There are 2 protein chains.
Amino acid sequence: MTGTAGQDRAERRSSLSVPDRLLSVATRLFAERGFERTSVQELVDAAGVTKGAMYHYFSSKDDLLYAIYQRVLAMQTRRLNEFAQAGGPVEERLRAAAADVVHTTVDNLDDTVIFFRSLHMLSPDRQSAVRKERRRYHECFRAMIEEGARAGVFRSDVPADIVVTQYFGAVHHLGMWYRPEGQLGGAEIGAYYADLLLASLRP
Amino acid sequence: MTGTAGQDRAERRSSLSVPDRLLSVATRLFAERGFERTSVQELVDAAGVTKGAMYHYFSSKDDLLYAIYQRVLAMQTRRLNEFAQAGGPVEERLRAAAADVVHTTVDNLDDTVIFFRSLHMLSPDRQSAVRKERRRYHECFRAMIEEGARAGVFRSDVPADIVVTQYFGAVHHLGMWYRPEGQLGGAEIGAYYADLLLASLRP
DNA sequence: CCTGGCATACCGCCCGGTCGGTTGCCGCGC
DNA sequence: GCGCGGCAACCGACCGGGCGGTATGCCAGG
């Protein structure tokens, strides 16, 4: 019982560890108000800790932002690999992956909003690290489209790069207009988006 | 001869008026470094004027940003109206408008980058004003798609809203990856994008 | 006793914004 | 033609605040 008073404060509103709580709160606030509009003081107040705690785990505000990017990139990469390495015809693999990326984007809207709105707030080297990882992600998608084009199930008169950037542009933009209280859920929108993608690729 | 020194300073690097120079420089800097990372002092230094001059024409930094949005919105609306009110079959009108929006986006990349990255920096009422105007823009596009669906030249099993948001998401995202020094120009990308859009709409 | 895990008090910088002053120009009475 | 008044355009020193970041202390657990 010695730590009760301390735990009342440290664990209020959540059972997560301090760094995880900071990440969680920061994700919400950065998405709501923007990175620059959220002061470190507001952040730690909302997380129920102090600046000292934050700077104990993160070396700077920028470092905290980068941690969010790392978490998002890890999740995206893991997800895509599951779908790309599955079996079945390439058009079904592409459809499943395309629908899933919409679904997970909608399920983690705050992450997506931050990802594309605050990239330029990262230090230049971290910016390029994120872009590089993101590029690998696109390559995986492009490979599926080119595989389908060689197999003759997709058209080949449009560069696969164009198709990929167009599709992911649409996906990233979900954070600008999608609201959970709307009529369509993530699964429905994912199905529509994937269907439009496959339709545009018909030979 | 009394005014010579004054004009040397006032007109250096450009023949534009002071407010126009501020708008032009602000657009470039906000796109390069971001709105919050660009201080008013840097801005006026780059424009060759002083703070006093800026606050004479704009009531705040936010006001300057809003002026940029107004300029962009006016241009977009004017452009789209030209294409929507043209004659010819609906699929050709849609194709022309869809290709043009890509072309003009690429030609004004700085505007686009600011537009989707800094919306949350505007005051709430101005944010909703921009969103409202932008909504009217989307409606115009949606109307063409629904017209084509009624005429039977476009499929009707996907909501027109979904198609519009997907397409404009892709267009907005151009600012994240397009570089003028790349291989493809705005016209080529516009043609590809419009072609993919039309293909995805085939019944 | 010492180290990790915090809290607290504090710092210096620089930001957006202000305000009194100056300059140059234009209309006007004479 | 000329002095005068007035006003828009612009200057730049200055300000209060709040920002990101830090130095130090304290305390429980091993």
Side-chain angles (χ1 to χ4, degrees), chain A residues 1-26 29-30 33-68 118 120-123 126, chain B residues 1-26 29-30 33-68 118 120-123 126:
Chain A
M1 288 302 154
T2 53
T4 306
Q7 285 194 356
D8 276 352
R9 163 179 271 251
E11 294 190 4
R12 83 172 156 204
R13 289 187 44 210
S14 169
S15 63
L16 292 173
S17 68
V18 168
D20 283 344
R21 264 214 327 277
L22 283 166
L23 272 177
S24 166
V25 169
L29 290 183
F30 289 170
R33 315 181 196 175
F35 176 74
E36 300 278 312
R37 289 271 165 101
T38 306
S39 73
V40 173
Q41 193 59 53
E42 289 174 332
L43 222 166
V44 296
D45 285 351
V49 297
T50 61
K51 278 193 183 185
M54 196 206 108
Y55 279 98
H56 181 73
Y57 292 105
F58 302 95
S59 61
S60 66
K61 195 187 173 188
D62 186 271
D63 197 45
L64 179 59
L65 180 62
Y66 187 56
I68 295 178
S118 305
H120 62 294
M121 299 297 179
L122 285 174
S123 66
R126 285 177 164 174
Chain B
M1 286 297 163
T2 53
T4 308
Q7 286 197 355
D8 276 352
R9 162 179 272 252
E11 294 190 4
R12 84 173 157 208
R13 286 187 48 210
S14 169
S15 62
L16 292 173
S17 68
V18 168
D20 284 344
R21 267 218 318 283
L22 282 167
L23 272 177
S24 165
V25 168
L29 290 184
F30 290 170
R33 313 181 197 174
F35 177 75
E36 298 280 313
R37 288 270 163 102
T38 306
S39 74
V40 173
Q41 194 58 55
E42 289 173 330
L43 222 167
V44 296
D45 285 351
V49 297
T50 60
K51 276 195 185 184
M54 196 207 109
Y55 279 97
H56 180 73
Y57 292 105
F58 301 95
S59 62
S60 66
K61 196 187 174 188
D62 186 272
D63 197 44
L64 179 59
L65 179 62
Y66 186 56
I68 295 179
S118 304
H120 63 294
M121 299 298 179
L122 285 174
S123 65
R126 285 178 164 174

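In this text, all values refer to a predicted model and were calculated from it rather than measured experimentally. In what follows, chains are A, B, ... by sequence order, proteins preceding strands, each numbered from 1.
In the set C:dG17, D:dG20, D:dC10, C:dG17 carries the atom at the smallest distance from any side-chain atom of B:Ser60. Comparing D:dT22, C:dA7, D:dG12 by their closest approach to the side chain of A:Tyr55 singles out D:dT22.
For A:Arg37 and C:dC15, the CZ to P distance is 15 Å, given to the nearest whole Å. As rounded to whole Å, 12 Å separates atom P of C:dG17 from atom CG of B:Leu65. In this entry the distance linking CE of B:Met54 with P of C:dC15 reads 14 Å, nearest Å. Across the protein-nucleic acid pair, A:Lys51 atom NZ and C:dG5 atom C1' stand 18 Å apart, rounded to whole Å. One interatomic measurement links the two molecules: CZ of A:Arg21 to C1' of C:dG5, which rounds to 13 Å at whole-angstrom precision. The nearest whole Å value for the distance from the CG atom in A:Leu29 to the C1' atom in D:dC19 is 16 Å. One can place CD of A:Glu36 at 14 Å from C1' of C:dG16, the figure rounded to the nearest angstrom. The nearest whole Å value for the distance from the OH atom in B:Tyr57 to the P atom in D:dC10 is 3 Å.
Where B:His56 and B:Gln41 meet DNA chain D, the nucleotide closest to each residue was compared, and B:His56 sits on the side nearer the 5' end. Mapping B:Phe35 and A:Pro19 onto DNA chain C via the closest heavy atom, the residue that lands nearer the 5' end is A:Pro19. Comparing A:Gly52 and A:Val40 along DNA chain D, the residue whose closest nucleotide (by nearest heavy atom) sits nearer the 5' end is A:Val40.
Taken to the nearest 0.5 Å, the CG atom of B:Leu43 stands 5.0 Å off from the CZ atom of B:Phe30. Here the CG atom belonging to B:Leu64 is positioned 7.5 Å from the CZ atom belonging to B:Phe35, to the nearest 0.5 angstrom. Separating the CG atom in A:Leu23 from the CZ atom in A:Phe58 is a distance of 4.5 Å, to the nearest 0.5 Å. Going from atom NE2 of B:His120 over to atom CZ of A:Arg33 covers 12.0 Å, rounded to the nearest 0.5 Å.
Judged by distance alone, the side chain of A:Arg21 and the main-chain N or O of A:Ala47 form a donor-acceptor pair under 3.5 Å.
Residue B:Lys61 places no side-chain atom within donor-acceptor reach of the base of C:dG17, judged by atom type and a 3.5 Å distance cut-off alone.
Here B:Ser59 lies out of heavy-atom contact (under 4.0 Å) with every strand.
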